[in-house]
Every structure is written in C-alpha cells, then in structure tokens.
Amino acid sequence: SFSSVIIKFSGGKKDTTKPEIVAINPAEFSDISEKNIEVIFSKPIDRTSIYSGLYIYPTILKKKFKWDKNTLIIHIDEPLLENTNYYFSFGQQIECERGNSLDKNYLFVFKNGKLQQNRVAGKFIFEKQIDQNLPIQTKLMAADSTLIYQRKLSDSNFVFEDLNFIDHILEFYIDKNKNQKYDYGKEPFFKKYVSQNNAVTIDIEMSYADTIKPKIKSVKTKWQNQIEIICSEPIK
C-alpha cells in the first residue's frame, strides 16, 4: 500500500527590495536639446509603470521610451522651449517587475539653452508648535496651477532653486491622517502666489484656516461676449 505525500514548494524568500535610480546620463543640469536621456535602475522595472510614474514639466508630448535591460532611454522628438529648465519627476508609482515601488521620489533638472537659476526660499511658521516636526507636503505649480513638481520637506527652512523665470504658486500642507490629500480645517495649510523674480524670500504660515484673500491677476477679452478673469486663488 502507498501513503500520500504532500510536497510544498515555497519558491524562496519574497523579493521586497525597492528599486532605485543609480545613474542618469547626461548629468543633471546638462543641455538636452539633442540628446537622449538614459536612466539606469538598480533592477528590472515594470515598463508600463513608467507611464504613470514619470512626470515632465514643461510637457514633452513627442517622446519615445526604449529599454535596454535596467536602462530606460527617453528620446525627445520635438523642439524644446528656448532657455528653459525641464523637470523630470520619477514617482513611486514606478515599480519593479516584482511589484515593489521606487524607494523614493526623484527629481532631475535639465536645460535647453541657458540654465535658469531663479529661487524662492523662506521658513515655516506654525500655528501649533506640535506640528513643527512633521513632514510637509509641497507642490510647486505654474501660475495656471499646472503641477511642476512636488516633494516632501522636513526642515524648518525651505528653498526652491533652478526655477524658470515665470510666476509660480506654492502650496504646503501637513498630511496628518496620511490620506494623500489636504483636509480643510483639520490640517495646517498655506498657499502663495509668487510673481516672477530672480530671488524671493517669504515666510510660510502653516495655519488650520486659509485666510489668504483672492486677488484678480488678469482680465482679458476672449470673444465679444466673453472675458477671462484669472484669480490668485480658487473661487467658490
């Protein structure tokens, strides 16, 4: 007679190592008008995740992605804006073939023509001192609210460098309940419109109620019966 035997194969230890960006070519701040950009990851990447995890500002519509093992090659197929910085953000939506997300958010700045070196800097002031050691979520946007890039800050001072000579909107909040969004009245928040300048220094007052008054930035005629009004704040 024979007795049954059950054999289980575990398949080895689960891979939980997060992928990293280990090199980029050309080097950051290089001119990219006639070059491919090569991004080298530490392990094979789920190639479809690049479409949701890579964000470029200003937008480059005509581009091709090619892969050579762990290397992503971004080929630009359109003319770039003159004397403009381009921001390449690689977010944690990017995953390796085993489903592990990128170890952190990466930002690389390149140029076409002259490198723009404008900056905004300042310090944080907190309504409640208990919040001063918490990480601050930050969005840098163009004047039309188009996202340029976002990052997490953990210091009492901040600086945004290598900015284009354009108007910007800065948005800060502390994600206390970690739901990836700002909850009005429950979390400290600050939003600021910054006019184009070579260097700006401001204080960021992190408060639980937004007291910033909206301003009309511009008014122009679109059609005979239509005008466009651009404000500094979202209007109810």
Quiz item: Would you say the side-chain atoms of Asp68 pair up with the backbone N or O of Asn70, donor to acceptor, closer than 3.5 Å?
Solution: no
Quiz item: Any sub-3.5 Å donor-acceptor pair from Ser42's side-chain atoms to Glu20's backbone N or O?
Solution: yes
Practice problem: Please report the C-alpha distance between Glu38 and Ile24 in whole Å, then the side-chain angles of each, then the deciding distance to 0.1 Å, and finally whether the side-chain contact (heavy atoms from CB on, under 4.5 Å) criterion is met. | Solution: CA-CA 6 Å; Glu38 295 184 355; Ile24 192 161; over 6 Å; no
Practice problem: Walk me through it: do Tyr208 and Asp131 pass the test side chain to side chain donor-acceptor pair (under 3.5 Å)? | Solution: CA-CA 11 Å; Tyr208 283 77; Asp131 296 328; 2.7 Å; yes
Quiz item: Mind checking whether Leu81 and Ile37 sit in one hydrophobic cluster, side chains of I, L, V, M, F, W, Y counted as touching below 4.5 Å?
Solution: yes
Quiz item: Under 6.0 Å from the NZ atom of Lys217, do we count more than 12 heavy atoms belonging to anything else shown?
Solution: yes
Quiz item: Donor-acceptor pair, His168 side chain versus Ile166 backbone, under 3.5 Å?
Solution: yes
Quiz prompt | Polar side-chain atom of Asn118 near backbone of Ala199 as donor-acceptor pair, under 3.5 Å | solution = no
Exercise. Could you tell me whether the side chain of Asn112 and the main chain of Leu80 form a donor-acceptor pair under 3.5 Å?
Key: yes
Practice problem: Kindly determine whether Asp46 and Arg98 satisfy salt bridge (charged side-chain N to carboxylate O under 4.0 Å, His left out), including the steps that lead there. | Solution: CA-CA 8 Å; Asp46 176 358; Arg98 297 298 181 92; over 6 Å; no
Self-check item: Side-chain donor-acceptor pair present, Ser101, Lys18, cut-off under 3.5 Å
Solution: yes
Quiz item: Have Asp167 and Tyr193 got a donor and an acceptor in their side chains that come within less than 3.5 Å?
Solution: yes
Quiz item: Are Ile56 and Leu102 joined in one hydrophobic group, where the rule is that I, L, V, M, F, W and Y side chains link up if heavy atoms are under 4.5 Å apart?
Solution: yes
Exercise. Evaluate the ring planes of Phe88 and Phe110, with Trp represented by its six-membered ring, and classify them as parallel (under 30°), tilted (30 to 60°) or perpendicular (over 60°).
Key: perpendicular
Exercise. List the steps and the verdict of side-chain contact (heavy atoms from CB on, under 4.5 Å) for Asn36 and Ile74.
Key: CA-CA 6 Å; Asn36 293 334; Ile74 305 172; over 6 Å; no
Practice problem: Kindly say whether Glu95 contributes a backbone atom to a donor-acceptor pair with the side chain of Ser49 at under 3.5 angstrom? | Solution: yes
Quiz prompt | Same apolar cluster (I L V M F W Y, side chains within < 4.5 Å links), Val120/Tyr57 | solution = yes
Quiz item: Would Glu78 and Ile60 satisfy side-chain contact (heavy atoms from CB on, under 4.5 Å), going step by step from the backbone distance to the final call?
Solution: CA-CA 7 Å; Glu78 67 180 56; Ile60 299 176; 3.9 Å; yes
Practice problem: Verify the cluster assignment for Ile202 and Phe126: are they in a single hydrophobic cluster under the rule of side-chain heavy atoms below 4.5 Å apart? | Solution: yes
Quiz item: Taking the six-membered ring for Trp, are the ring centroids of Phe65 and Tyr51 within less than 6.0 Å of each other?
Solution: yes
Exercise. Please work out whether the ring planes of Tyr149 and Phe160 are parallel, tilted or perpendicular, with thresholds of 30° and 60°.
Key: tilted
Quiz item: Would you say the side-chain atoms of Glu171 pair up with the backbone N or O of Lys191, donor to acceptor, closer than 3.5 Å?
Solution: no
Practice problem: Check whether any side-chain N or O of Lys43 sits under 3.5 Å from a backbone N or O of Thr17 as a donor-acceptor pair, and report yes or no. | Solution: yes
Practice problem: For atom CD of Glu34, decide whether the heavy atoms of other residues, nucleotides or ligands shown that lie under 6.0 angstrom number more than 12. | Solution: no
Practice problem: Starting from the C-alpha separation in whole Å, work towards a yes-or-no answer on side-chain contact (heavy atoms from CB on, under 4.5 Å) for Asn85 and Leu163. | Solution: CA-CA 7 Å; Asn85 293 356; Leu163 302 181; over 6 Å; no
Practice problem: Determine, for Asp183 against Lys176, whether the closest basic-nitrogen to carboxylate-oxygen distance falls under 4.0 angstrom. | Solution: no
Quiz item: For Phe172, is the NZ or CZ atom of Lys139 found under 6.0 angstrom from the centre of its six-membered ring and inside 45 degrees of the ring axis?
Solution: no
Exercise. Find the distance between CD (Glu205) and NZ (Lys123) and round it off to the nearest 0.5 Å.
Key: 10.5 Å
Quiz item: Do Asp162 and Arg119 meet the salt-bridge criterion of a basic N to acidic O distance under 4.0 Å?
Solution: no
Quiz item: How about Val22 and Phe41: do any of their side-chain heavy atoms sit closer than 4.5 Å?
Solution: no
Quiz item: So which of Val39, Ile45, Ile40 actually passes side chain to side chain contact (heavy atoms under 4.5 Å, CB included) with Thr71?
Solution: Ile40
Self-check item: Side-chain donor/acceptor of Asp77 to backbone N/O of Lys62, under 3.5 Å
Solution: no
Practice problem: For the residue pair Tyr106 and Phe108, categorise the inter-ring angle as parallel (less than 30°), tilted (30 to 60°) or perpendicular (more than 60°). | Solution: parallel
Quiz item: Would you say Ile76 and Trp67 are hydrophobically clustered, going by side-chain heavy atoms of ILVMFWY under 4.5 Å?
Solution: yes
